[in-house]
2 protein chains.
Amino acid sequence: MPRQATLKDVAAKAGVRPETVSKVVNRKAHVSPETEARIRQAIRELGYRPNVAARNLRARQSRMIGYSWRPVPAGQFNPILDQFLQSMVEVAGQAGYHLLPFPCPPDHAQVEAYQELVDTNRVDGFILSSTNVDDQRIAYLQKIQFPFIAFGRANTDWDFPHIDVDGTAGLRAATEHLLDRGHRRIAAIAWPEDSLTGTLRLQGYGEAMASASLSLDPAWIARGEHSAAFGHLAATQLLDLPPERRPTALVALSDLMAIGAMHAIQDRGLEVGRDVAVTGFDDTPMAQYLRPPLTTLRQPVWESGRRAIAMLLQLLRGEPLPEQYVLLKPELIVRESSGE
Amino acid sequence: MPRQATLKDVAAKAGVRPETVSKVVNRKAHVSPETEARIRQAIRELGYRPNVAARNLRARQSRMIGYSWRPVPAGQFNPILDQFLQSMVEVAGQAGYHLLPFPCPPDHAQVEAYQELVDTNRVDGFILSSTNVDDQRIAYLQKIQFPFIAFGRANTDWDFPHIDVDGTAGLRAATEHLLDRGHRRIAAIAWPEDSLTGTLRLQGYGEAMASASLSLDPAWIARGEHSAAFGHLAATQLLDLPPERRPTALVALSDLMAIGAMHAIQDRGLEVGRDVAVTGFDDTPMAQYLRPPLTTLRQPVWESGRRAIAMLLQLLRGEPLPEQYVLLKPELIVRESSGE
DNA sequence: AACGATTGCGCCAACGATTGCGTAATGATA
DNA sequence: TATCATTACGCAATCGTTGGCGCAATCGTT
């Protein structure tokens, strides 16, 4: 099998020097039309493709973008990953970049993992998803001034470019939708207080309730781990409240918790949608197949991926970012779990 | 910001030549203990890491493995991707390799996409998933003798290393499980005849029915597109059969179709599990949250990923493969949809 | 003491592409 | 024909790492 043609081979065939070919390929210098034609012909005949390792060595870059995500525990879903990867690969590819995915290593090994990729010149920048408060990855990359875009927020006093889905607006929309349908006693099934995303989402619920001038019963906010089991437990306890305090609608911070809540309602012989309304968050693929189908908030996954890469590419080109922070609105998908 | 230290910097600090440092790093030559200590000290102090681009250029390799998968249409799930990526990244990482994911481009552009990655030396090998009969990617990579491992089979007369989940054994197990529970009229909800995976799975159903000496009613095999809607339609038609031919159990080739079938049964006022048993395939995360939870076949995703990479690494090292073809058995997960 | 064998490490030449500079050839102008 | 600007392309160096070769110093053996 003949090895891949190099600049030298093309040059020999076209009767010029390798540098000239390089200049034609990169449109860097003026070359006479005839020479250019001869060179292009040779390139075509030999099927020449520039060797990326050589290019990268010379240019001190890798044309690779690291993507780190936090894998979900077994039994849960990651409905985002497939689409998110696709959208990023597509946009990055158009600019000649490829993705290098790696699941977040355990906390103590995180910084080393990033250091490795940075120091060996394997990646030019990063996309981080599932960010945390006090996220070590963000702290490290900021310290060494390495280009990255986060998908999610972190400490409010940290200043770094990021994209996020506006969970506050999402829960406000879900709550308002329930208010529109006449509900007045609406409870929330939420995450622990240390979750940033959870706090932001819950805030939207609070805002909607406040602007409808409804007083909030403290018992209406249930906090617990992100699981269907907790959704079930929380809903059960909420339905156990005395009639005048018992909620007629539940907003859950995720589809997974909404599923648990739906089951709790059904276990009690009540009908979801008619007796108690339920909404979720994520629009996981299964939301549409539940009975009744789940009203939920769809994250603009595709858009997020595109924007994140587009922003990172700007950083890599050394251009200033028009917007450091991007907040995208999720879309309320109304299905039967929230009534008629 | 000081740029990353190179061999030259380390050499200068340790008072030797760069090549010597390289030899120490790669354990290639004998160096006196004192010199080695001095060099290692310098490496530590400067935080030296070999530049991958330079290494790759020299070694004519990339230490990258291309992974191509067929993205699922919107509204469906890809429960595999997250775990599969994780398992591959982990094993590859231990051998100093990274993954380069790219969704399958549209059919006509497939070969070009692979050519690009091969010709520019961006990847050393490929993992292909969701293979097809007459798969162009396989044909191309075989033609140019480029290392790859397929996850899935293709034409029976093509000879290439692959891993697959034994769908035949899976459906045999599901069908036998239903036979054990006393069912005699068992129908299958299957894919079109041109699907290789579908044909193999259906075969397992046929085998189990045959070895129980049950005659197969041709009406018991429904074929259609892979969707919940088709599952619903097929189940409805099966339940419309006259009582003596009406199946008491349905094996579906996927969880998605099983969901449709469950809904059809419920729409008719029947109870899944008690009146009609249902099984799926995939153990998508949602299977456990359905009501009743779905009996299904769990694919050994983690194991597949590890094995696929391990095999590819052997090819890349030029070692012969102990097994060209690996068939992994799926695990039957019994839940309530198949009865008590 | 003379010999070959071993060890430790320096030197050179790649790997393939890119870049700034230099220069020969061309054409225009006085 | 001499001068100058412009065009087209060659020259040499560089990016960081590695493999092969060779030389000097050291060691053991007779």
Side-chain angles (χ1 to χ4, degrees), chain A residues 2-40 42-43 46-64 96 116-124, chain B residues 2-40 42-43 46-64 96 116-124:
Chain A
R3 79 183 197 311
Q4 179 60 23
T6 71
L7 270 189
K8 222 190 284 181
D9 303 323
V10 175
K13 185 156 192 131
V16 292
R17 311 226 60 221
E19 307 80 276
T20 310
V21 178
S22 166
K23 280 164 189 166
V24 167
V25 171
N26 300 296
R27 301 190 168 65
K28 272 296 170 65
H30 289 246
V31 173
S32 72
E34 312 88 71
T35 316
E36 171 154 0
R38 246 183 20 255
I39 292 176
R40 295 216 174 274
I43 289 179
L46 295 172
Y48 165 77
R49 301 286 181 106
N51 176 309
V52 295
R55 267 198 170 162
N56 292 344
L57 172 59
R58 181 66 224 221
R60 297 158 175 284
Q61 52 161 24
S62 64
R63 306 223 132 223
M64 284 275 165
E116 166 82 25
L117 292 172
V118 170
D119 289 350
T120 59
N121 242 280
R122 224 186 230 302
V123 302
D124 295 343
Chain B
R3 79 182 197 313
Q4 178 60 24
T6 70
L7 273 188
K8 223 190 282 181
D9 302 323
V10 176
K13 186 158 194 130
V16 293
R17 311 227 63 220
E19 302 83 328
T20 311
V21 179
S22 165
K23 279 162 191 164
V24 167
V25 172
N26 299 296
R27 300 190 166 64
K28 270 296 170 61
H30 290 245
V31 175
S32 72
E34 311 87 71
T35 316
E36 171 153 0
R38 243 178 27 251
I39 292 177
R40 295 216 174 275
I43 289 179
L46 294 172
Y48 167 77
R49 302 285 181 107
N51 177 309
V52 294
R55 268 201 170 162
N56 292 343
L57 172 58
R58 183 64 226 226
R60 298 158 175 286
Q61 51 160 26
S62 64
R63 307 221 132 224
M64 284 275 164
E116 167 82 24
L117 292 171
V118 170
D119 289 351
T120 60
N121 241 280
R122 225 185 227 302
V123 301
D124 295 342

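Reminder, nothing fancy here: chain letters follow the sequence lines and each chain counts from 1.
- In terms of the side chain to side chain contact (heavy atoms under 4.5 Å, CB included) criterion, residue partners of B/S22 (sequence neighbours excluded) are, by chain and number, B/L7, B/N26.
- Residue A/V16 is classed as a sugar-phosphate contact, given heavy-atom separations below 4.0 Å to backbone atoms only.
- Stem list for DNA chain D (at least 3 consecutive Watson-Crick or G-U pairs, distances under 3.5 Å): C:1-30 with D:1-30.
- Inter-residue side-chain proximity for B/K13 and B/L46 is flagged as met; some heavy-atom pair is nearer than 4.5 Å.
- With sequence neighbours excluded, the residues satisfying side chain to side chain contact (heavy atoms under 4.5 Å, CB included) with B/T120 are A/R49, A/V52, B/E116, B/R122.
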Full working for side-chain hydrogen bond (donor to acceptor under 3.5 Å, both in side chains) between A/N121 and A/S62: CA-CA 7 Å; A/N121 242 280; A/S62 64; 5.8 Å; no
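- Residues that satisfy the salt bridge (Lys or Arg N to Asp or Glu O under 4.0 Å) test with B/R60, not counting sequence neighbours, are absent from this structure.
- Contact of the B/T35 side chain with the B/S32 side chain is registered, since non-hydrogen atoms from C-beta on lie closer than 4.5 Å.
- When every heavy atom of B/A5 is checked against every heavy atom of B/D9, the shortest pair comes out as CA-OD2, 3.4 Å.
- By the 4.0 Å N-to-carboxylate-O rule, B/E36 lies close enough to B/R40 to be salt-bridged with it.
- Here A/N56 lies out of heavy-atom contact (under 4.0 Å) with every strand.
- Each of B/A54 and A/E36 was matched to the nucleotide of DNA chain D holding its nearest heavy atom; the match closer to the 5' end belongs to A/E36.
- Contact of the A/M64 side chain with the A/L117 side chain is not registered, since no non-hydrogen atoms from C-beta on lie closer than 4.5 Å.
- Using a 4.5 Å heavy-atom threshold, the side chains of A/N51 and A/T6 count as separate.
- Among the atoms of the strands shown, base atoms are found under 4.0 Å from some heavy atom of B/S22.
- At the heavy-atom level, A/R58 lies under 4.0 Å from base atoms of the strands shown.
- In this structure the side chain of A/I43 reaches within 4.5 angstrom of the side chain of A/V25, judged on heavy atoms.
- Nucleotides of DNA chain D lying under 4.0 Å from heavy atoms of chain B occupy a range whose first and last members, 5' to 3', are D/dG16 to D/dG20.
- Along DNA chain C, the nucleotide nearest B/A59 and the nucleotide nearest A/N26 are compared for position; the residue whose nucleotide lies closer to the 5' end is B/A59.
- Along DNA chain C, the stretch of nucleotides lying under 4.0 Å from any heavy atom of chain A spans, 5' to 3', C/dG16 to C/dG20.
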